[in-house]
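Below is one structure, written out as structure tokens; comments come after it.
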There are 2 protein chains.
Amino acid sequence: MRKITIGEAARQSGVKVPTIRYYEDIGLLAKPSRSEGNQRSYEPAHLKRLAFIRHARELGFEIEAIRTLLHLQDDPHQSCASADAIAKARLIEVEQRIRSLKALKAELEQMVESCCHGRVDQCRVIEVLADHGKCLHPRH
Amino acid sequence: MRKITIGEAARQSGVKVPTIRYYEDIGLLAKPSRSEGNQRSYEPAHLKRLAFIRHARELGFEIEAIRTLLHLQDDPHQSCASADAIAKARLIEVEQRIRSLKALKAELEQMVESCCHGRVDQCRVIEVLADHGKCLHPRH
DNA sequence: CCTACATCCTCTAGCGACTAGAGGTGCAAG
DNA sequence: CTTGCACCTCTAGTCGCTAGAGGATGTAGG
């Protein structure tokens, strides 16, 4: 049998040991069997699950979304419309976030460029922060 | 005198009432005087401060960075190098975040496009999540 | 067999930046 | 005078972990 310890599972999956225990606590990862000395003993199925979770987290999916995706994966006869919807929602979020970060970037660039490199009372950085009206775009 | 209640300060600054109290708790906003009935009573200086804080939060500065920026603002003879450094650091963060979100966006687009719109067992969305190797870029 | 040491166990508390709710008081209009 | 909103304090919850205490287990070398 190819059972491994939590430390080894962490190494192979790239998910930290306390995080693996946390995922078990919140019911995202099935409880593994235990060794005689009460140590967790993981099987390949757990590792697959961890890889899935890690990948989804890297893509910014929330835990609850991942829970749904895992349920979908477990029931392969279901329509994948829900998975599609979750991914699309995430895509829209990411697109919005990029747009708003780009606006921020422009604002910050302007702030930094116009910094007087002198004393605070002439500093554009502080000034712009104090007065939203001095921004490039009134809404960001 | 132009003293206002916390509710009015919230309306004028766009910062929610509990958040204003929270800023007071953590020492970001000076304690206002109180009315006879123990209600907070804000002056224009508080509103300016709140506007500054709100604007900085919108630009994604952390509370501790804002604390530093506020200290700088209070001492206008200081060099603005620190303010400059804080803004530059934030700019770099934002640029990195944009880059990584763009990579995510590409990944998600591919996932969504290749969704079979059928059953889960043929679904690319689930499949890609389960297998990082199917990503556009091995590192995202 | 003993010792050292890494790794494991459970449990609680902390992070940042709020947000929600309970239970009570103040205040202004009808 | 009562209704009803806005205010007060306090505690606890959110998300997704992370850190640390205090103890048990497992393994490698002597």
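To find a chain, count down the sequence lines: A is the first, B the second, and so on, and within it residues start at 1. Just so you know, these numbers use all the heavy atoms, side chains as well, and skip hydrogens, waters and symmetry mates.
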In residues 19-37 of chain B, which ones come under 4.0 Å of DNA chain D, going by heavy atoms?
B/Arg21, B/Arg34

Partner residues of B/Glu24 under the side chain to side chain donor-acceptor pair (under 3.5 Å) criterion, sequence neighbours left out:
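If we apply the side chain to side chain donor-acceptor pair (under 3.5 Å) test to B/Glu24, skipping adjacent residues, the hits are B/Arg40.
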
Give me each pair satisfying ring pair (Phe, Tyr, Trp, His ring centres under 6.0 Å) with a member in residues 14-49 of chain B, each pair once, sequence neighbours excluded.
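Counting only pairs at least two positions apart or across chains, the ring pair (Phe, Tyr, Trp, His ring centres under 6.0 Å) contacts touching residues 14-49 of chain B are B/Tyr42-B/His46.
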
Mark yes when over 12 heavy atoms from residues, nucleotides or ligands other than A/Gln110 sit less than 6.0 Å from its CD; otherwise mark no.
yes

Among A/Lys48, A/Arg67, A/Arg49, whose salt bridge (Lys or Arg N to Asp or Glu O under 4.0 Å) with A/Asp74 holds?
A/Arg49

First and last nucleotide of DNA chain D in contact with chain B, 5' to 3', at under 4.0 Å to a heavy atom: what are they?
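Result: D/dC7 to D/dT9.
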
Here's a test of your reading of the structure: between B/Arg11 and A/Phe61, which maps to the more 5' nucleotide of DNA chain D?
B/Arg11

Return whichever of B/Glu8 or A/Pro18 has its heavy-atom-nearest nucleotide of DNA chain D closer to the 5' end.
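Upstream on the strand: B/Glu8.
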
Which residues satisfy the salt bridge (Lys or Arg N to Asp or Glu O under 4.0 Å) test with B/Arg99, sequence neighbours excluded?
none

Output the rounded distance in Å from [atom1] ([X]) to [atom2] ([N]).
X       : N      : atom1 : atom2 : result
B/Arg40 : C/dT25 : CZ    : C1'   : 14 Å
B/Ile53 : C/dA17 : CD1   : P     : 12 Å
A/Gln39 : C/dT7  : CD    : P     : 12 Å

Could you tell me whether the phosphate oxygens of C/dT19, OP1 or OP2, come under 4.0 Å of any side-chain nitrogen or oxygen in B/Lys16?
yes

Do A/Ile98 and A/Lys102 touch side chain to side chain, with heavy atoms closer than 4.5 Å?
yes

Less than 3.5 Å apart, any donor N or O on the side chain of A/Ser35 or A/Lys3 sitting next to an acceptor on the other?
no

Closest listed nucleotide, where the reference is the side chain of B/Arg57 and the choices are C/dA17, C/dC8, C/dT10:
C/dA17

List for me each residue that meets side chain to side chain contact (heavy atoms under 4.5 Å, CB included) alongside A/Asp131, sequence neighbours excluded, and say none if there are none.
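Side chain to side chain contact (heavy atoms under 4.5 Å, CB included) list for A/Asp131, sorted by chain: A/Lys134.
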
